[in-house]
Amino acid sequence: MKYPSQFEKGETLDQDKGLTGSSGSSAEVRLLVGQHRLFEMIANGTPLPDVLNLLALTVEDLANGTVCSIWLVDKAGTKLRQGAAPSLPESYKQAMDGLAIGSRAGSCGTAAYFRRPVIVPDIASDPLWTDYRDLALSHQLRACWSMPILLSSGDLLGTLAVYDRTPRTPNENELRIIKLATQIAGIAIERKRAKEALKENEERYKSLFENVPIGIYRTTPDGRILLANPSLVHMLGCSSPDELLSRNLETEGFSPAYPRSRFKELIEREGEVKGLEAAWTRRDGVVIFVRENAKVIRKDDGTTLYYEGTVEDITEREQAESKLRESEQRYHLLFERSFSGIYRSTLDGCILDCNEAFARILGYDSREEILAAGAAKLYFNPAERKDFLACLQKRRILTNFEHRLLRKDGNSVWVLENVNLSEGEAGAMPLLEGVLIDITERKETEKRLEKAYEQLRSLSTHLQLVREEERTRISRELHDELGQALTGLKLDLAWLRDGLHEDQRSLLTKIEAMSNLIDDTILTVQRISSEMRPRILDDLGLAAAIEWQVQEFQNRTEIECIFTSPPKDITLGHDRSTAVFRIFQEALTNVARHAAASKALIRLSEKAGYFLLEVKDNGKGVAKSKIFDSKSLGFIGMRERALLWGGQIEIKGIRGKGTTVTVRMPVRREVDRSRAQ
């Protein structure tokens, strides 16, 4: 591989110097003729392949016996594609088309890689042709001299190669021809690229001009429109460019609120306007808001030729900003005039903003005073604020949160607060945004109501106890005194009956009837006494009393009852046992009156410190609306009895499957309230 010294030194060909060194030779004349013809073709815009083909033929004519080819680098800059090779065999051109540029890629690929001339005297022995030797030799190509086609900036355009069918190096005249041809090829290729770039730019500008959503215009100082793109035509409500061009901005462009004279004053003084916002009038009379950038185009003497610029329709933005301003005004009025306290604060206790109502609720004279005080002073102790923040950070939002705050005068104020923890900007601390109302009066009212309710409950408890005691007393008197009196009467009648003769049959019959009536009366007294206060409840306990009541209920109603209880008796105490028994009686009454049931399951149990009574029937099932109906006095009484002693009652009904009543009563070992009073 050889790099002739004259190329390494960057020698250029003198176009006036002859190829043979003697002026006026026939080779020099042919060169000048070919050179002029090529430059004319380039200047006239002849297609590049035609120029390169003629250039290759000219080289072959001047360097007799050689074959010239020109290769162009692809857009990626990695391969050489066929440019012109009029005398090379077609099969060779096809095989070499797309040759990869590399350090051992024949003469052309290597010249393109190193951007230096590559002279290969003998293809048969040169290592650069290892991969392509057989192809070249099969077409009788023995030598190849290649020159890179470069721009002045050093960018690669392609290569120009000259083949010879005899192994040799080029002579001085051939080297000059190759170098000049390379320069001409570079001019032609660069001109072609420049034209393509210009065309591409023109197409890009045209596409931008026609498709950009911003209006583009050119106008004279007196308001005549010289140029407008489709976006501006549409923006100003015209049906065609001609319709827009017929308008004059001096008379029907800028709206009166922003006259064109102001625009002209600014642009003539500054030479340009940037971000100028104005109101323009559409063809249909509708006013739109625009933002304009424009500049003055002047002659060399400073006289204004025209204005050119861009226009962006900002009507939607202006309307949105107007609505935002209105919204901000409404928010400001709501913020200032609200009876609720509104605030924004940081987690570390700095109150960023609040309204007057917030300050007033907490006893401060003004919002400025409470802003200076900070959130920490609104709590009785730091632990309360810490608990509040921990709860908020866990949930992120608190709704209807009731807590107590500290007023400026040291008194407490109860507030109902809705607050959320909003994320601050990147790296910033989250903010608390909340609304609160003063519920101190409501709290005091609730406290009074709760106290009154407790008093009513205590009174109800007392009445229940008094009633049970009275029922017990009456039951005992009925059982003991009335029962004994009736028994005495029966004994007296028996004595009278024994003293009568057989002939006093009518008296005997009367005495027998009176005796039977006394027996029935004794049974009635026993039944009434048991219903008022079954002695079995006091003597044998709750489980036995319930079991007895189940048997009585089954006999009276013929509803099948299944009773189960734990083997060990559960002791609830006198009053709670009475309450459970009365609830049970009411439950059975509901089964008999309303359930339309054929079977009932009664179960007693103890679980987790609670006595459980479950009454379940297979009837029609109570409706949910009836369970909490204010007219359902039976259910209300059952719940109240349970609540009096700390118990709970649950009633569930399933349509067509029955009703279940579950009583949970705490198993307490201490003395009953009635006994302690």
Undergrad: Ignoring hydrogens, what is the shortest heavy-atom contact between Asn355 and Gly341? Give both atom names and the distance.
TA: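 Closest heavy-atom pair between Asn355 and Gly341: OD1-CA, 3.6 Å.
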Undergrad: As a test of understanding, state which of Val435, Leu371, Ile370 forms a side-chain contact (heavy atoms from CB on, under 4.5 Å) with Phe358.
TA: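 Of all the options given, the one that passes is Ile370.
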Undergrad: With salt bridge (charged side-chain N to carboxylate O under 4.0 Å, His left out) as the criterion, how do Lys93 and Glu90 come out once you've worked through the C-alpha distance, each side chain's angles and the decisive distance to 0.1 Å?
TA: CA-CA 5 Å; Lys93 289 190 290 185; Glu90 192 65 31; 3.3 Å; yes
Undergrad: Using atom types as modelled and distance alone, determine if a side-chain donor or acceptor of Arg224 lies under 3.5 Å from a backbone N or O of Leu245.
TA: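 Looks like no, no N/O pair under 3.5 Å.
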Undergrad: Does Asn64 have more than 12 heavy atoms from other residues, nucleotides or ligands lying within 6.0 Å of its CG?
TA: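 Counting neighbours around CG of Asn64, 12 or fewer heavy atoms of other residues, nucleotides or ligands fall under 6.0 Å, so no.
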Undergrad: Taking atom CZ as the centre, does Arg395 end up with more than 12 heavy-atom neighbours from other residues, nucleotides or ligands that are less than 6.0 angstrom away?
TA: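 No - once you tally the heavy atoms of other residues, nucleotides and ligands closer than 6.0 Å, there are 12 at most.
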Undergrad: Just verifying a value: how many Å separate Asn420 CG and Leu392 CG, rounded to the nearest 0.5 Å?
TA: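 Output value for this atom pair is 7.5 Å.
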Undergrad: Is there a donor-acceptor contact under 3.5 Å from the side chain of Arg282 to the main chain of Met235?
TA: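 Yes: the side chain of Arg282 pairs with the backbone of Met235.
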Undergrad: Please check if any side-chain donor atom of Thr315 sits under 3.5 Å from a side-chain acceptor atom of Asp313, or the reverse.
TA: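 A donor-acceptor contact under 3.5 Å links the two side chains.
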Undergrad: Taking Asp126 first and then Arg133, would you say they form a salt bridge - that is, a charged N and a carboxylate O separated by under 4.0 Å?
TA: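 Salt bridge absent between Asp126 and Arg133.
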Undergrad: Pair Tyr343, Leu436 - check side-chain contact (heavy atoms from CB on, under 4.5 Å), show working.
TA: CA-CA 9 Å; Tyr343 73 91; Leu436 54 84; 4.2 Å; yes
Undergrad: Answer with yes or no whether the side chains of Glu174 and Thr66 bring together a donor and an acceptor at under 3.5 Å.
TA: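 Result is no, nothing qualifies.
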Undergrad: For Thr169 and Trp145, test the side chains for any donor-to-acceptor distance below 3.5 angstrom and give the result as yes or no.
TA: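 Looking only at side-chain atoms, Trp145 and Thr169 do not form any donor-acceptor pair under 3.5 Å.
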Undergrad: Relative to each other, are the rings of Phe263 and Tyr307 parallel, tilted or perpendicular (30° and 60° limits)?
TA: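 The arrangement is perpendicular - the two ring planes meet at more than 60°.
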Undergrad: Atom CG of residue position Asp300 - does it have more than 12 heavy atoms of other residues, nucleotides or ligands inside 6.0 Å?
TA: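 Check fails, neighbour count at 12 or below.
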Undergrad: To the nearest 0.5 Å, tell me how far Met147 CE sits from Ile119 CD1.
TA: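 Here the rounded value is 7.0 Å.
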Undergrad: Looking at Gly237, is its backbone amide N or carbonyl O close enough to the side chain of Arg283 to form a donor-acceptor pair, meaning the two atoms are under 3.5 Å apart?
TA: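 Not at all, since once roles are kept as given, no pair shorter than 3.5 Å links the two residues.
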Undergrad: OH of Tyr306: more than 12 outside heavy atoms within 6.0 angstrom?
TA: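 Counting neighbours around OH of Tyr306, more than 12 heavy atoms of other residues, nucleotides or ligands fall under 6.0 Å, so yes.
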Undergrad: Within the supplied structure, the quantity of interest is the number of heavy atoms (other residues, nucleotides, ligands) at a distance under 6.0 Å from Arg37 CZ; does it exceed 12?
TA: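 No, CZ of Arg37 has 12 or fewer neighbouring heavy atoms, counting only those of other groups under 6.0 Å.
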Undergrad: Side chain of Asn293, backbone of Glu312: donor and acceptor closer than 3.5 Å?
TA: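 Checked: no pair found.
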Undergrad: Between Gln140 and Tyr163, is there a side-chain donor-acceptor contact under 3.5 Å, judged purely by atom types and distance?
TA: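 Looking only at side-chain atoms, Gln140 and Tyr163 do not form any donor-acceptor pair under 3.5 Å.
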Undergrad: Is there a donor-acceptor pair under 3.5 Å between the side chain of Arg385 and the backbone N or O of Ala375?
TA: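 No; judged by distance alone, with no hydrogens or angles, the pair does not exist.
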Undergrad: Under a 4.0 Å threshold between the charged nitrogen and the carboxylate oxygen, would Glu268 count as salt-bridged to Arg298?
TA: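 Judged by the 4.0 Å cut-off on N to carboxylate O distance, Arg298 and Glu268 do form a salt bridge.
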Undergrad: Under a plain distance cut-off of 3.5 Å, with no hydrogens placed, do Asp301 and Thr303 share a side-chain donor-acceptor pair?
TA: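 Note: Thr303 and Asp301 side chains meet the donor-acceptor criterion.
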Undergrad: Evaluate the criterion side-chain contact (heavy atoms from CB on, under 4.5 Å) for residue pair Val311 and Glu292; output intermediate values, then yes/no.
TA: CA-CA 5 Å; Val311 181; Glu292 188 174 3; 4.2 Å; yes
